[in-house]
Amino acid sequence: MARTDRDTLSEPGRPKRNWRPKVQLDSEAFGAFAEAAARFMGTGKFIVYMTVFVIAWISLNVIGIYGFRWDEYPFILLNLFFSTQASYAAPLILLAQNRQEVRDKLSLDEDRRMAAQSRADMDFLAREIAAIRMHIGELATRDFVRGELRNELRELAERLERTDRGSDE
(Lines give C-alpha, C1' and ligand atoms only; values in the text may rest on other atoms or scores of the structure.)
Protein backbone atom coordinates (compact mmCIF):
# COMPACT_ATOMS: atom_id res chain seq x y z
CA MET A 1 0.00 0.00 0.00
CA ALA A 2 1.34 3.35 -0.94
CA ARG A 3 1.34 6.14 1.57
CA THR A 4 -0.43 9.34 0.73
CA ASP A 5 0.51 12.79 1.93
CA ARG A 6 -2.22 12.60 4.56
CA ASP A 7 -0.73 9.51 6.16
CA THR A 8 2.35 11.34 7.38
CA LEU A 9 2.58 12.16 11.06
CA SER A 10 3.82 15.68 10.40
CA GLU A 11 0.34 16.87 9.45
CA PRO A 12 -2.67 16.81 11.70
CA GLY A 13 -5.47 14.55 10.69
CA ARG A 14 -9.09 15.43 10.42
CA PRO A 15 -10.73 16.23 13.70
CA LYS A 16 -12.69 13.28 15.00
CA ARG A 17 -16.31 13.84 15.60
CA ASN A 18 -17.41 13.59 19.19
CA TRP A 19 -20.44 11.32 19.29
CA ARG A 20 -21.15 11.88 22.98
CA PRO A 21 -24.28 13.90 23.56
CA LYS A 22 -23.79 17.31 25.05
CA VAL A 23 -25.80 17.13 28.24
CA GLN A 24 -26.13 20.20 30.36
CA LEU A 25 -27.58 19.54 33.77
CA ASP A 26 -28.69 22.21 36.13
CA SER A 27 -26.61 21.31 39.17
CA GLU A 28 -29.11 22.91 41.53
CA ALA A 29 -32.05 20.96 40.09
CA PHE A 30 -30.06 17.72 40.08
CA GLY A 31 -28.92 18.40 43.64
CA ALA A 32 -32.52 18.95 44.72
CA PHE A 33 -33.45 15.66 43.02
CA ALA A 34 -30.60 13.88 44.82
CA GLU A 35 -31.72 15.27 48.16
CA ALA A 36 -35.32 14.24 47.54
CA ALA A 37 -34.23 10.73 46.51
CA ALA A 38 -31.92 10.37 49.53
CA ARG A 39 -34.62 11.71 51.83
CA PHE A 40 -37.14 9.19 50.41
CA MET A 41 -34.69 6.29 50.65
CA GLY A 42 -34.28 7.03 54.34
CA THR A 43 -37.96 6.60 55.16
CA GLY A 44 -39.98 3.69 56.40
CA LYS A 45 -42.25 4.08 53.38
CA PHE A 46 -39.35 3.19 51.08
CA ILE A 47 -38.57 0.06 53.14
CA VAL A 48 -42.21 -1.01 53.00
CA TYR A 49 -42.38 -0.41 49.22
CA MET A 50 -39.18 -2.38 48.65
CA THR A 51 -40.39 -5.22 50.87
CA VAL A 52 -43.69 -5.45 49.01
CA PHE A 53 -41.83 -5.32 45.69
CA VAL A 54 -39.44 -8.14 46.70
CA ILE A 55 -42.24 -10.31 48.05
CA ALA A 56 -44.27 -9.81 44.85
CA TRP A 57 -41.22 -10.48 42.65
CA ILE A 58 -40.30 -13.69 44.44
CA SER A 59 -43.92 -14.87 44.68
CA LEU A 60 -44.61 -14.30 41.01
CA ASN A 61 -41.37 -16.05 40.02
CA VAL A 62 -41.91 -19.03 42.32
CA ILE A 63 -45.59 -19.51 41.49
CA GLY A 64 -45.38 -18.34 37.90
CA ILE A 65 -48.35 -16.82 36.14
CA TYR A 66 -49.45 -18.90 33.17
CA GLY A 67 -46.17 -20.73 33.50
CA PHE A 68 -44.18 -17.57 32.90
CA ARG A 69 -41.21 -17.13 35.21
CA TRP A 70 -38.88 -14.39 34.12
CA ASP A 71 -36.41 -14.68 37.02
CA GLU A 72 -36.20 -18.15 38.49
CA TYR A 73 -34.37 -19.00 41.70
CA PRO A 74 -31.69 -17.70 42.69
CA PHE A 75 -33.32 -14.51 41.33
CA ILE A 76 -30.32 -13.12 39.51
CA LEU A 77 -32.34 -10.40 37.79
CA LEU A 78 -33.62 -9.19 41.17
CA ASN A 79 -30.06 -9.18 42.47
CA LEU A 80 -29.00 -7.15 39.43
CA PHE A 81 -31.84 -4.74 40.08
CA PHE A 82 -30.67 -4.23 43.68
CA SER A 83 -27.07 -3.76 42.57
CA THR A 84 -28.14 -1.13 40.05
CA GLN A 85 -30.28 0.60 42.64
CA ALA A 86 -27.37 0.64 45.11
CA SER A 87 -24.97 1.96 42.46
CA TYR A 88 -27.29 4.91 41.88
CA ALA A 89 -28.34 5.40 45.49
CA ALA A 90 -24.83 5.75 46.92
CA PRO A 91 -23.77 8.73 44.74
CA LEU A 92 -27.16 10.39 45.24
CA ILE A 93 -26.81 10.07 49.01
CA LEU A 94 -23.24 11.39 48.88
CA LEU A 95 -24.34 14.34 46.76
CA ALA A 96 -27.15 15.11 49.22
CA GLN A 97 -24.68 14.91 52.12
CA ASN A 98 -22.26 17.25 50.34
CA ARG A 99 -25.03 19.77 49.73
CA GLN A 100 -26.10 19.52 53.38
CA GLU A 101 -22.49 20.05 54.44
CA VAL A 102 -22.32 23.23 52.35
CA ARG A 103 -25.59 24.47 53.88
CA ASP A 104 -24.30 23.65 57.38
CA LYS A 105 -21.08 25.57 56.69
CA LEU A 106 -23.02 28.60 55.45
CA SER A 107 -25.29 28.40 58.47
CA LEU A 108 -22.30 28.14 60.80
CA ASP A 109 -20.65 31.13 59.14
CA GLU A 110 -23.87 33.12 59.52
CA ASP A 111 -24.14 32.06 63.18
CA ARG A 112 -20.55 33.18 63.78
CA ARG A 113 -21.24 36.50 62.10
CA MET A 114 -24.37 37.01 64.20
CA ALA A 115 -22.49 36.05 67.39
CA ALA A 116 -19.74 38.55 66.57
CA GLN A 117 -22.33 41.24 65.88
CA SER A 118 -24.14 40.41 69.13
CA ARG A 119 -20.88 40.56 71.03
CA ALA A 120 -20.07 43.96 69.52
CA ASP A 121 -23.57 45.19 70.41
CA MET A 122 -23.21 43.91 73.99
CA ASP A 123 -19.81 45.58 74.34
CA PHE A 124 -21.26 48.87 73.07
CA LEU A 125 -24.22 48.65 75.46
CA ALA A 126 -21.92 47.82 78.38
CA ARG A 127 -19.83 50.92 77.62
CA GLU A 128 -22.98 53.03 77.35
CA ILE A 129 -24.31 51.74 80.68
CA ALA A 130 -20.96 52.43 82.33
CA ALA A 131 -21.01 55.99 80.95
CA ILE A 132 -24.57 56.49 82.18
CA ARG A 133 -23.61 55.22 85.64
CA MET A 134 -20.67 57.60 85.75
CA HIS A 135 -22.92 60.53 84.81
CA ILE A 136 -25.59 59.47 87.30
CA GLY A 137 -22.94 59.51 90.02
CA GLU A 138 -22.42 63.20 89.21
CA LEU A 139 -26.14 64.03 89.17
CA ALA A 140 -28.05 65.07 92.26
CA THR A 141 -30.71 62.64 93.34
CA ARG A 142 -34.05 63.70 94.79
CA ASP A 143 -33.04 62.62 98.28
CA PHE A 144 -29.78 64.55 98.02
CA VAL A 145 -31.60 67.70 96.91
CA ARG A 146 -34.15 67.34 99.72
CA GLY A 147 -31.37 66.89 102.27
CA GLU A 148 -29.57 69.98 100.97
CA LEU A 149 -32.78 71.99 101.05
CA ARG A 150 -33.43 70.89 104.65
CA ASN A 151 -29.92 71.92 105.64
CA GLU A 152 -30.38 75.34 104.00
CA LEU A 153 -33.77 75.76 105.66
CA ARG A 154 -32.23 74.95 109.04
CA GLU A 155 -29.42 77.42 108.45
CA LEU A 156 -31.95 80.09 107.39
CA ALA A 157 -34.10 79.33 110.39
CA GLU A 158 -31.08 79.64 112.65
CA ARG A 159 -30.10 82.97 111.06
CA LEU A 160 -33.61 84.23 111.42
CA GLU A 161 -33.63 83.24 115.06
CA ARG A 162 -30.32 85.01 115.58
CA THR A 163 -31.50 88.11 113.84
CA ASP A 164 -34.75 88.00 115.79
CA ARG A 165 -32.82 87.65 119.05
CA GLY A 166 -30.52 90.48 118.05
CA SER A 167 -33.40 92.82 117.25
CA ASP A 168 -35.15 91.87 120.53
CA GLU A 169 -32.16 92.93 122.53
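Any value given below was found using the heavy atoms of this structure, including those in side chains, with hydrogens, waters and symmetry copies removed.
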Next item on the list: Report the distance from atom CG of N98 to atom CD of E35, rounding to the nearest 0.5 Å.
Entry: 10.5 Å

Next item on the list: Considering non-hydrogen atoms only, spot the tightest contact between P91 and A86 and give its length.
Entry: CD-O, 4.4 Å

Item checked: Common cluster, L80/Y73, ILVMFWY with side-chain heavy-atom separation under 4.5 Å -> yes

Check: Under 4.5 Å between any side-chain heavy atoms of F124 and D121, yes or no?
Finding: no

Check: Hey, are Q100 and D104 close enough side-chain-wise for a donor-acceptor pair under 3.5 Å?
Finding: yes

Notebook entry, point to check: Side-chain heavy atoms under 4.5 angstrom apart, residues restricted to Ile, Leu, Val, Met, Phe, Trp, Tyr: same cluster for F33 and L94?
Noted result: no

Check: Is V102 reachable from L92 through a run of I, L, V, M, F, W or Y residues, each pair having side-chain heavy atoms under 4.5 Å apart?
Finding: no

Next item on the list: Evaluate side chain to side chain contact (heavy atoms under 4.5 Å, CB included) for V52 paired with Y49, printing each intermediate quantity in order.
Entry: CA-CA 5 Å; V52 168; Y49 288 164; 5.9 Å; no

Next item on the list: Calculate, to the nearest 0.5 Å, the distance between atoms CZ and CZ belonging to R69 and F75 respectively.
Entry: 9.5 Å

Next item on the list: I would like to know whether R113 and D109 meet side chain to side chain contact (heavy atoms under 4.5 Å, CB included); could you show each step before the answer?
Entry: CA-CA 6 Å; R113 189 190 67 73; D109 290 344; over 6 Å; no

Checklist line | Same apolar cluster: Y88 and F53, side chain cutoff 4.5 Å | finding: no

Margin query: Tell me whether E101 at atom CD has more than 12 heavy atoms from other residues, nucleotides or ligands lying less than 6.0 Å away.
Written below: no

Next item on the list: Please report the closest heavy-atom contact between V54 and L78, naming both atoms and the distance.
Entry: CG1-CD2, 4.3 Å

Check: Quick one: do M50 and V48 end up in the same hydrophobic cluster if we chain Ile, Leu, Val, Met, Phe, Trp and Tyr together by side-chain heavy atoms under 4.5 Å apart?
Finding: no

Check: Looking at side-chain heavy atoms only, is the closest gap between R99 and E28 below 4.5 Å?
Finding: yes

Next item on the list: Verify the neighbour count for atom CE of M134: are there more than 12 heavy atoms of other residues, nucleotides or ligands below 6.0 Å?
Entry: no

Notebook entry, point to check: Has the side chain of S118 got a donor or acceptor atom that lies under 3.5 Å from a matching backbone atom of M114?
Noted result: yes

Note to self: Ring-plane angle category for W70 and W57, please: parallel below 30°, perpendicular beyond 60°, tilted otherwise.
What the structure shows: perpendicular

Next item on the list: Nearest 0.5 Å please: distance from the CZ atom of R159 over to the CZ atom of R154.
Entry: 14.5 Å

Check: Salt bridge or not for R119 and D123, using N-O below 4.0 Å?
Finding: yes

Margin query: Donor-acceptor check, side chain of S87 to backbone of T84, threshold 3.5 angstrom: yes or no?
Written below: yes

Check: Which atom names give the shortest non-hydrogen contact between F46 and Q85, and what distance separates them?
Finding: CZ-NE2, 2.8 Å

Next item on the list: Would you name the heavy atoms of A34 and A96 that are closest together and state the gap between them?
Entry: O-CB, 4.0 Å

Notebook entry, point to check: What distance do I47 atom CD1 and M41 atom CE have between them, rounded to the nearest 0.5 Å?
Noted result: 10.5 Å

